[in-house]
Engineer: 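Next up is a structure, given as structure tokens.
If you're wondering where the values come from, they're calculated on a predicted model, not measured in any experiment. In what follows, every chain begins at residue 1, and chains take the letters A, B, ... in the order their sequences are listed.
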Amino acid sequence: MSVDNTVAEAGRPRLIRADRTRRRNAAETRFRIYGVVAIVISLAALVFLVLSILSNGLGAFSQTFIAFDVYLDPAVIDKNGNRNPEEMKKVTTIGYGNLLKKALAADLEARGVSTEGIPPKEVDGLLSKDAPAQLRDKVLADPGLVGQTIRFETYANGRIDGYFKGRVTMESARLDSNVSPEQLELADRMRAAGIVSVRFNWGFLFGPDASELRPEAAGLGIAIIGSAYMMMIVLVLALPIGVAASIYLEEFARQNAFTDVIEVNIANLAAVPSIVFGILGLALFINFLGLPQSAPIVGGLVLTLMTLPTIIIATRASLKAVPPSIREAALGVGASKMQTVFHHVLPLAMPGILTGTIIGLAQALGETAPLLLIGMVAFVRDFPGPPPEGFFDPAAALPVQVYNWTQRADPAFVERASGAIIVLLVFLLSMNIIAIILRRRFERRW
Amino acid sequence: MNDASKLQVTLPITPDTSAAVASSAMVREGEAAAGPDIKVAARNVDVFYGDKQAIKDVSVDIPERSVTAFIGPSGCGKSTFLRCINRMNDTIDGCRVTGEITLDGLDIHDPSLDVVELRARVGMVFQKPNPFPKSIYENVAYGPRIHGLARGRPELDEIVESSLRKAGLFEEVKDRLDGPGTGLSGGQQQRLCIARAIAVSPEVILMDEPCSALDPIATAKVEELIDELKANYAIIIVTHSMQQAARVSQQTAFFHLGVLAEIGSTQEIFTNPKDKRTQDYITGRFG
């Protein structure tokens, strides 16, 4: 015979109050559902973000190239005939442009690609506006080429590139004053003839930025170098300063009102909007100390200030997490305070310190606002020199480059901005992986 | 037992006698071999945590080559007093110690004395076994290394082995000296901590409830070890177990609410306590 606990028997109180239990269980079920919903929403957002960036940005890594034979006519580019680069510099890109125009027309004719009904100017328009400058750089770097016929490969115009990537269609070309459907048809014919090809573009990773009119030539090289320089400066400055400050505050300083104030201020500093650090950097490093604008040194110093609180908070937390019994053990055998910290406490806190540092660096790598204020938005075409002198040369930064490109009108820059975001994310991801590996390696139990 | 009762100290001690004891200790230093001496002497020690007084006017003599037990209910200040002897309380913010504590007649609060040297001479074993998260060898070798006690690896090996032997651990761990110290059992870890303390050749060993985290078998081993060690060291042990105090010590001090209620030979304390509080405590009426 089963006993129903929920029903009161005569004269006895019920053991279980059914309605209360049901309500409690229902509340728990509801809470679980909320949790699952929250996770699903955030995962969906993440997937959407990654997919949209990948679909927009992967195209930036491949590029349409046009390759054809160019006769480097000495009569045009080296009138004196003595192959002196200094004298050859007098010939501007206009001269090289004419050379390319003739060469392309000749090459198309030689390969039997019809250009009928297309004005010569539009045939020429298939080439990137950067092409004459590329040819000029090439010739100036190696004057021996003059008088030869070389195979010259250059970027196709951004619109043509867009056509092969599906961004530009015949319909959109009809409405576009920069490209005509005839040009696109010609491009198709040129591709069939093997003059035009689409392949991976190292220039996107290593080339310098390019102007508004030539998205196809824009690269991340200077931005990557600038960001790398700034990370070096942040690592070299913020890690030792942050760790030293934390060790002093955590292990040596007396706990009093003064250290309390410092502690609160460090926590507050971590919450200060990053643009404020930019204003500080502008006022202190550029206006007061007279350091150059747009330079990685200034960016690195500003980001150091920003990263310090993160590193200090992480380091202090991991120092605190080391059990006091380890300190007592070391002090008990007669280790000095400093020996205790450096032989025992610091090694145990190392995984946490490294993780905090890398998180701080990753934050700094993605920071845009303060860099805008210290002039890192400038358009930089010249690569900075090798460190340490290069720290003072103008450079760009990855997130600022993304910001810059999204500001530009040509839709080709949307693709490049997304490509730059992918590069940035790859850097961040690899930093996080390094953090995980370091933590695993240094982790010890006690 | 006998020599411990000879050294029994009656309380309270006036400042005059304390000075006399201190100076006589200094005189005795030269002839340490003459017989059991007073190794550590405390006179009128007060300890404050901020405004709160944790220890009130405690005066104790700790004899050479014997075991002194500190007993008393929780929070009575016995651990606090123990930590005064190697100045571990210095590491606690807001902790203030007044009064005089001497080691071989030398004031341990002397500004010219390096606290690191003091702690090398007064070793400590803690309540919870706390080996370093390093190898067994490194645990023992650490102290000699930082104090420069060994010249070269063979000498260090020798110190490690003899310390582990004295702690009765060598046979158990000789095949895994490179293994982690934290991989040992609780009792072994505690004996490793004792070996670590012995390795710097201290003169006094302070033990703060060394067996409270151990099972009875491990406890028995540690007690056996304490009994052997007392041939060479002055040992002070804080314990909650009155049986343990009775088993291992020659002298027992009973602390109550921050004051030293009674001190005497262990036999006398447990069979014929003079103080009412001691009697109540050891008969289990409180604590």
Engineer: Are the side chains of A/H343 and B/F132 in touch, meaning some heavy atoms are under 4.5 Å apart?
Structural biologist: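 With C-beta onward as the side chain, the pair stays apart.
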Engineer: With a 4.5 Å heavy-atom cut-off, do A/E328 and B/M124 have their side chains touching?
Structural biologist: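 No, every pair of side-chain atoms sits at 4.5 Å or beyond.
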Engineer: Quick one: what part of B/R83 sits under 4.5 Å from any heavy atom of chain A, side chain, backbone, both or neither?
Structural biologist: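 Contact with chain A: side chain only.
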Engineer: Is it the case that over 12 heavy atoms from other parts of the model lie below 6.0 angstrom from the CD atom of B/E158?
Structural biologist: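 Atom CD in B/E158 is not crowded, with 12 or fewer foreign heavy atoms closer than 6.0 Å.
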Engineer: B/I146 and A/A335: which non-hydrogen atoms are nearest, and at how many Å?
Structural biologist: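 Residues B/I146 and A/A335, closest heavy atoms: CD1-CA, 3.4 Å.
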Engineer: Counting only heavy atoms not in A/F31, do more than 12 fall under 6.0 Å of its CZ?
Structural biologist: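 Atom CZ in A/F31 is not crowded, with 12 or fewer foreign heavy atoms closer than 6.0 Å.
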Engineer: Just verifying a value: how many Å separate A/I326 CD1 and B/K134 NZ, rounded to the nearest 0.5 Å?
Structural biologist: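 Output value for this atom pair is 9.5 Å.
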Engineer: Grab the two heavy atoms, one from B/R196 and one from A/A329, that are nearest each other, plus how far apart they are.
Structural biologist: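 That closest heavy-atom pairing would be NH2-CB, 3.3 Å.
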Engineer: Is there a donor-acceptor contact under 3.5 Å from the side chain of B/N130 to the main chain of A/S325?
Structural biologist: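 Side chain of B/N130 to backbone of A/S325, a donor-acceptor pair under 3.5 Å: yes, one is there.
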Engineer: If I compare all heavy atoms of B/V116 with all of A/G334, which pair ends up nearest, and what's the gap?
Structural biologist: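 Closest approach of B/V116 to A/G334, heavy atoms only: CG1-O, 2.9 Å.
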Engineer: Where does B/V125 contact chain A at under 4.5 Å (heavy atoms): side chain, backbone, both or neither?
Structural biologist: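 Neither part, no heavy atoms under 4.5 Å.
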Engineer: How long is the span from the CZ atom in B/R119 to the CG atom in A/L331, to the nearest 0.5 Å?
Structural biologist: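 Reported to 0.5 Å precision, the distance equals 5.0 Å.
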Engineer: For the pair B/D93 (side chain) and A/Q255 (backbone), establish whether a donor and an acceptor sit closer than 3.5 Å, ignoring hydrogens and angles.
Structural biologist: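 Side chain of B/D93 to backbone of A/Q255: a pair is present.
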Engineer: Any idea which heavy atoms bring A/V333 and B/V200 closest together, and the distance?
Structural biologist: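 Heavy-atom minimum between the residues: O-CG1, 4.1 Å.
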Engineer: Which one of B/H147, B/K128, B/E117 has the most heavy-atom pairs closer than 4.5 Å to chain A?
Structural biologist: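 Between B/H147, B/K128, B/E117, the count favours B/H147.
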